[in-house]
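Following: one structure in structure tokens, then a few remarks.
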Amino acid sequence: MPIHNQDIAGIFDTVGDLLDIKGENPFRVRSYKNAARAIEEMSQNVTEMVDKHEDLTKQPGIGKDLSQKIEEIVRTGRLEYLKNLTKEVPLSLLDLLKIETLGPKKVGKLYQELSIRDLDSLEKAIDEGEVKELEGFGEKTVEKIKTEIERIRSSPQERRFLLAAAEKIVSSLLEELEKIPSVDRIIIAGSYRRRKETVGDIDVLVTCDDPETVMERFVSYEDVTTVISHGSTKSSVKLRSGRESDLQVDLRVVPDESYGAALHYFTGSKAHNVAVRKRAVSKGLKINEYGVFRDDEMLAGKTEEAVYEQVGLPYIEPELREDRGEIEAGLNGNLPELVTCEDMKGDLQTHSTESDGKNSIEEMARAAIDMGYEYFAVTDHSQRVSVAGGMDEKRLAKQIDYINSIQEKFSDFTILKSIEVDILEDGTLDLPDSILKELDIVTCSIHYNRNLSYEKQTERILRAMDNRYFNILAHPTGRLIGSREPYQFDLEKVMQAAVEKGCFLEINAHPERLDLNDTHARMAKEMGLKLTISTDSHSTANLKNIRYGISQARRGWLTRDDVLNTRPWSEVKKLISR
DNA sequence: GCCGTTTTCGGCCCGACTGTTTTCAGTCG
């Protein structure tokens with residue numbers, strides 16, 4: 001198995017944390033952290049770059065030392081430097097960093113002074129009264145640590161929230177805040193606004209000339225379970241989510257003249273902000289959440305556009321703000337004009353009552369028309385997916401006749417005869433060519449035999465794509481966010497084959513799938529592969545999920561041209577013909 | 001450890017809140 005970018009990133013992240021605990025130069029720590037993030041978000045596979053002897057130091061944040069360490073990890077699967085480091089600073093200390101209120105300095109102190117190296121020894125030291133004797137550790141800190149140990153033991157892994165889930169949880173809180181008369185503007189910033197597939201917390205920005213009232217109402221809201229902090233312009237709470245862990249919400253109030261600067265600041269990402277502020281510094285300017293300043297003079301702040309303008313940049317869409325090259329693209333005038341929901345002309349994966357959908361084909365068609373579409377594809381399951389009532393050849397033939405019979409009820413709207421046909425273990429398709437050739441478009445996907453080896457799974461998909469009726473690979477990696485890992489295969493090879501054979505891959509817009517993800521989408525774009533964005537709807541309401549797919553496409557830098565189903569059916573038809 | 005439109009050395013983004021101390025370090029985002 002090749003070394004993945006995440007493996008390298010994980011090692012550098014760990015080194016950064018350990019150096020931090022050790023009390024090393026904080027900028028050195030930051031170098032490891034920055035490199036970890038950069039590698040994790042790169043669309044190219046680092047292992048392959050090493051194999052091809054590409055110069056890694058060309059990557060921002062990677063210098064001579066780190067590029068050598070990367071090569072060592074790729075070659076040996078490990079890093080000698082990390083191994084030696086753990087002799088001085090044990091790995092188990094990383095568990096202590098998960099305790100809110102404990103950072104690297106305090107963890108370092110616990111280790112140095114009391115030889116505490118994990119949750120158990122920390123708890124013991126607290127019980128024996130040793131911790132509160134340490135300088136910087138008072139009664140409140142010790143109490144906080146105790147409740148944090150409880151929390152971590154009861155739910156060991158930090159759960160992030162699906163974008164769609166967070167949206168629901170926070171909506172009633174926003175309604176409550178909107179009722180306050182002095183509140184002017186209210187918007188969610190942070191990773192939510194950048195449309196990341198999951199969010200760790202919610203950042204709410206409010207403009208208002210009466211911050212105290214807003215803060216008071218915020219911390220006393222009925223669903224608040226914990227008040228983490230409560231200041232005059234900034235407060236944080238935990239909000240009941242109906243799940244094992246609560247959702248943290250940070251609220252920030254700024255005056256209206258700072259709206260743009262604050263929105264930019266709290267939208268992030270952190271890396272993007274750092275890059276923008278660096279540019280400001282080089283121009284003798286300072287950017288903070290209140291505005292852009294030269295000495296004490298405020299030059300901009302009311303809008304984000306004005307903030308960017310001060311540092312010589314055009315407006316950058318929130319989905320691009322990850323420091324993945326958007327600053328350079330902005331400077332060179334190469335920012336992509338991102339695909340929008342309005343660009344979409346049709347949905348290419350939907351289900352009806354014929355298999356496991358909740359609405360009839362006609363109901364789905366009416367809903368698709370309401371979405372402003374010109375066409376949609378009926379892609380019920382094939383026979384292999386028996387639990388979902390998958391169709392055999394005979395039933396599919398009947399469905400084709402049925403769709404032909406109702407088509408005339410619709411003017412200027414096309415119901416595409418299609419299917420989501422299973423890719424069997426040997427790479428053949430679940431229905432014969434004789435029926436597939438009767439369809440307008442064929443979507444293929446994997447539901448079974450998910451555990452094949454990397455090589456076999458890759459081979460299976462490539463073989464399926466050899467079938468001339470194969471048009472689209474649906475939910476290509478098979479992952480479910482937070483609950484099911486992708487199956488193992490060579491995605492880049494599959495994408496390359498798709499380009500050569502004239503196939504397409506899907507961005508499945510279901511909030512739990514988002515498959516392909518943003519990084520994959522960017523990779524496809526760079527390879528010249530066009531993608532489809534479809535909802536996999538099992539009801540009329542699901543069609544609206546298209547926006548989640550669009551968000552990920554935008555995060556992957558896709559334009560209207562990069563997406564197949566932004567085109568009218570006549571053009572799609574030409575492009576898919578093999 | 002990285003980086004360079006003043007630089008190959010000397011910088012490295014910025015501010016609010018908390019708790020522990022009485023002016024600030026640590027944490028967090």
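In this text, all values refer to a predicted model and were calculated from it rather than measured experimentally. Below, read A as the first sequence line, B as the second, and so on, with proteins coming before strands; counting in each chain starts at 1.
A donor-acceptor contact closer than 3.5 angstrom links the side chains of Thr477(A) and Asp515(A). The closest side-chain donor-acceptor pair between Asp118(A) and Ser121(A) falls under 3.5 angstrom.
Considering only side-chain N and O atoms, Ser229(A) lies nowhere under 4.0 angstrom from the phosphate OP1 or OP2 of dG19(B).
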Only pairs under 3.5 Å count here: list side-chain donor-acceptor contacts from residues 224-231 of chain A, not counting sequence neighbours, and write none if there are none.
unit_1, atom_1, unit_2, atom_2, d
Thr225(A), OG1, Lys238(A), O, 3.3
Thr225(A), OG1, Asp246(A), OD2, 2.7
Ser229(A), OG, Ser236(A), N, 3.4

Using residues 175-183 of chain A as the side-chain source, report each donor-acceptor pair under 3.5 Å to any protein atom, sequence neighbours left out, with the distance given to one decimal.
unit_1, atom_1, unit_2, atom_2, d
Glu176(A), OE1, Lys179(A), NZ, 3.4

Which side-chain N or O atoms in residues 102-116 of chain A pair as donor and acceptor under 3.5 Å with protein atoms at least two apart or in another chain?
unit_1, atom_1, unit_2, atom_2, d
Tyr111(A), OH, Glu88(A), O, 3.3

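Taking atom C1' on both dT21(B) and dG26(B), the two are 13 Å apart, rounded to the nearest angstrom. Rounded to whole Å, the P atom of dT27(B) lies 13 Å from the corresponding atom of dT20(B). Taking atom C1' in both dT18(B) and dT23(B), one finds a spacing of 15 Å when rounded to whole Å. For dG1(B) and dT5(B), the P atoms lie 23 Å apart once the distance is rounded to whole Å. For the C1' atoms, the distance linking dT8(B) with dC2(B) amounts to 12 Å, nearest Å.
The side chain of Lys286(A) lies closest to dC14(B), out of dG1(B), dC12(B), dC14(B). Taking the side chain of Tyr290(A) as heavy atoms from C-beta on, and the options dC17(B), dC12(B), dA16(B), the nearest nucleotide is dA16(B).
Not a single salt bridge (charged side-chain N to carboxylate O under 4.0 Å, His left out) links Glu326(A) to another residue, sequence neighbours left out.
In this structure, Val281(A) reaches the sugar-phosphate backbone alone: every heavy-atom distance under 4.0 Å involves primed, P, OP1 or OP2 atoms, never a base. Looking at heavy-atom distances under 4.0 Å, Lys132(A) makes no contact with the nucleic acid at all.
Here dC17(B) presents its P atom at 13 Å from CZ of Phe218(A), a figure rounded to the nearest Å. What separates CZ of Arg30(A) from P of dG11(B) is a distance of 15 Å, to the nearest Å. Here dG1(B) presents its P atom at 8 Å from CD of Glu24(A), a figure rounded to the nearest Å. A straight line from CG of Asp13(A) to C1' of dG1(B) spans 15 Å, rounded to a whole angstrom.
In terms of position on DNA chain B, the residue among Asn25(A) and Glu139(A) whose nearest nucleotide sits closer to the 5' end is Asn25(A). When the nearest nucleotides of DNA chain B are assigned to Asn288(A) and Lys140(A) by heavy-atom distance, the more 5′-ward of the two goes with Asn288(A).
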Task: Letter per nucleotide, 5' to 3', of nucleotides 3-10 of chain B [B base touched, S only sugar-phosphate touched, - untouched; heavy atoms, 4.0 Å] - done: S-------
Task: Base-contact (B) and sugar-phosphate-only (S) positions in nucleotides 21-29 of chain B, heavy-atom cut-off under 4.0 Å, - elsewhere - done: S----SSSB
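Within 3.5 Å, no donor on the side chain of Asn34(A) pairs with an acceptor on the base of dG1(B), nor the reverse.
The pair Arg324(A)-Asp518(A) meets the salt-bridge criterion, with a side-chain N (NZ, NE, NH1 or NH2) lying under 4.0 Å from an Asp/Glu carboxylate O.
Glycosidic conformation, dT6(B): anti, with the torsion outside 90° of 0.
Side-chain atoms of Asn5(A) come within 3.5 Å of backbone atoms of Val46(A) as a donor-acceptor pair (strictly under, hydrogens ignored).
Judged by the 6.0 Å and 45° rule, Arg217(A) forms no cation-pi pair with Tyr221(A). Seen from the ring of Tyr81(A), Lys69(A) counts as a face-on cation partner, given the 6.0 Å and 45° thresholds.
Across all strands shown, the partner of dC17(B) is dG26(B), judged by Watson-Crick or G-U wobble contacts whose two distances both fall under 3.5 Å.
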